[in-house]
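Only a predicted model underlies this, so the values are computations on that prediction, with no experimental measurement involved. Note that these values count all heavy atoms, side chains included, but never hydrogens, waters or copies made by symmetry. Just so you know, ligand 1 is whichever comes first in the structure, and atom 1 is the first atom listed for that ligand.
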Amino acid sequence: MKEQRVDPQVFRQVIGNFASGVTVITTREQDTNYGLTASAVTSLTLEPPMLLVCINKNTGTQAVISRTRTFGVNILDQDQAHLAYQFAKSQTDKFQGVDFSYGTSGVPLLTGALARIECRVAADVEAGTHRVFLAEVDSADTSTGAPLTYFRGTFGRFEMVQDEAVYQQIRDHILSRSLAIADALEPSKLSSQLNAAISSVYYALTRLTTEGLASRDLVKGYVITPIDVKTSDDTFDARCAIELGATDRAIGHLGADELAELRKRMEATLPLISGNRFVDFERYVAANTAFHEYFVGLAKSSALLDVYRRLSIEGIMWRIIWRTVSVFDQASEELTADHRRIVEAYEKGDKELARREIINHSERSKLTCRKAIEVSGGLV
Ligand SMILES: Cc1cc2nc3c(=O)[nH]c(=O)nc-3n(C[C@H](O)[C@H](O)[C@H](O)COP(=O)(O)O)c2cc1C
């Protein structure tokens, strides 16, 4: 007998870290359909197109494939977890309630699967409890969608790194100075400008529409949603709530270094508003962002900081003020004085005072942006 190198349960746990998609392997013999859920499916060669599947010898599906030498591989969509459960249960009719059609080789192919592949067995090998089928691919088709995934024994969804990056880029683009109100956001143009897959662009636009930064226009398609006073007020109210939460967590728990850094960032904002005007709007936005982000970061909660960053205050300020900055003379020096008063309250460890100053600052920020939106005619 061979020496057992690793406990099978340990191996199952360890190999569960290898994330995969989920398929349903199907076959048919004498008017009866067979199928099972399988993740042990691998692409093998392109020339000729081949894949391999590993199927437990105790299953009806394995016995039938061994005889008919044909099977279908249905790569499940993220919305088909119920089928993964259904085909993993030993039962008489796994196809009950399942939509499918027959492929040219006669095997059942599941409707709505992300991809459907018909295979002919070229060779098979026995390996422990399983039989490995090496098969040539006769036909293959795919549809749009996203895969169901399997990782550490549970089903999940695939998060595309590129989707997130493209979403951030388009979000920055919308909030930047480069686009006019109600400008169309053309998916194909964005896709070539950003060198991104069109599906990632649609993902970003759908998400931005849910967030209210983009909207669907019947004629123009996706457009930039103009920012009005309400959107601006809501954003600053949300910032205020986050900062009050951050204060509750941070005040009285900070080291001298952290307070010194907060003071340094506050002082950097002071000279940038003078005589009711922004001395240098670009530098003001950068210094203001550096101050507020550090302030929220002092709560040492990455979730809070993440929510804060997602407000895109920096971008919203740009959108609201940059077009009018040359004529805008409503930037009260009190805005930066608020920063100083907040830091002083932190230095004293006076939570109530800090809360009051944060609320005052929020109201003043709202007022400033409201005036800028009014100067622009009510929408920016
Ligand atoms: C996510 C997942 C992946 C699976 N992968 C495989 C596999 O690759 N090979 C296999 O033989 N069984 C696999 N199974 C188990 C079979 O689907 C299950 O044992 C099935 O019920 C056996 O079919 P039977 O009803 O004909 O016995 C998997 C089950 C799940 C839930």
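- Polar contact check, Gly35 against ligand 1: no nitrogen or oxygen pair lies under 3.5 Å apart.
- Residues Val73 and Cys119 form a side-chain contact, since some pair of their non-hydrogen atoms from C-beta on lies under 4.5 Å apart.
- Inter-residue side-chain proximity for Asp79 and Arg157 is flagged as met; some heavy-atom pair is nearer than 4.5 Å.
- Taking only non-hydrogen atoms, the option from Ala63, Gly153, Cys54 nearest to atom 10 (C) of ligand 1 is Cys54.
- Using a 4.0 Å cut-off between charged nitrogen and carboxylate oxygen, Arg356 and Glu352 do not count as a salt-bridge pair.
- Taking only nitrogen or oxygen atoms, main chain and side chain alike, Asn58 does not reach within less than 3.5 Å of ligand 1.
- The part of His130 lying near ligand 1 is the side chain, judged by heavy-atom distances below 4.0 Å.
- Put simply, the residue from Arg309, Arg265, Arg239 that forms a salt bridge (charged side-chain N to carboxylate O under 4.0 Å, His left out) with Glu293 is Arg309.
- Annotation: side chain of Asp233 is in contact with side chain of Arg370 (closest heavy-atom distance under 4.5 Å).
- At the top of the distance list for atom 19 (O) of ligand 1, counting protein heavy atoms only, stands Ala88 O, 4.3 Å.
- Between atom 1 (C) of ligand 1 and the options Phe151, Tyr150, Tyr85, the minimum heavy-atom separation is to Tyr150.
- At the shortest separation from atom 3 (C) of ligand 1 among protein heavy atoms lies Ser39 OG, 3.4 Å.
- Closest heavy-atom approach to atom 25 (O) of ligand 1 among the candidates Lys94, Lys57, Gln91, Gln86: Lys94.
- A donor-acceptor contact closer than 3.5 angstrom links the side chains of Arg171 and Ser312.
- Contact annotation: for Phe155 versus ligand 1, heavy atoms closer than 4.0 Å belong to the side chain alone.
- The shortest distance between side-chain heavy atoms of Gln62 and Phe71 does not fall below 4.5 Å.
- The ligand atoms of ligand 1 that sit less than 4.0 angstrom from a heavy atom of Gly60 are 26 (O).
- The heavy atom nearest to atom 28 (C) of ligand 1, considering only Val41, Asn56, Val53, Thr37, is found in Thr37.
- Which parts of ligand 1 touch Ile55 is read off a 4.0 Å heavy-atom cut-off, strictly below it: atoms 11 (O).
- Residues Thr129 and Asn58 have side chains not in contact (no heavy-atom distance under 4.5 Å, counting atoms from C-beta outward).
- At a 3.5 angstrom cut-off on N or O pairs, Ala40 counts as close to ligand 1.
- Residue contacts with ligand 1, taken as heavy atom pairs separated by less than 4.0 Å, do not involve Ala84 at all.
- Side-chain contact check for Arg28 versus Tyr34: every heavy-atom pair is 4.5 Å or farther apart.
- Looking from atom 22 (C) of ligand 1 to the surrounding protein, the closest heavy atom is Thr59 CG2, 3.5 Å.
- A side-chain donor from one of Asp228 and Thr231 sits under 3.5 Å from a side-chain acceptor of the other.
- Among protein heavy atoms, the minimum distance from atom 27 (O) of ligand 1 is reached at Ser90 OG, 3.1 Å.
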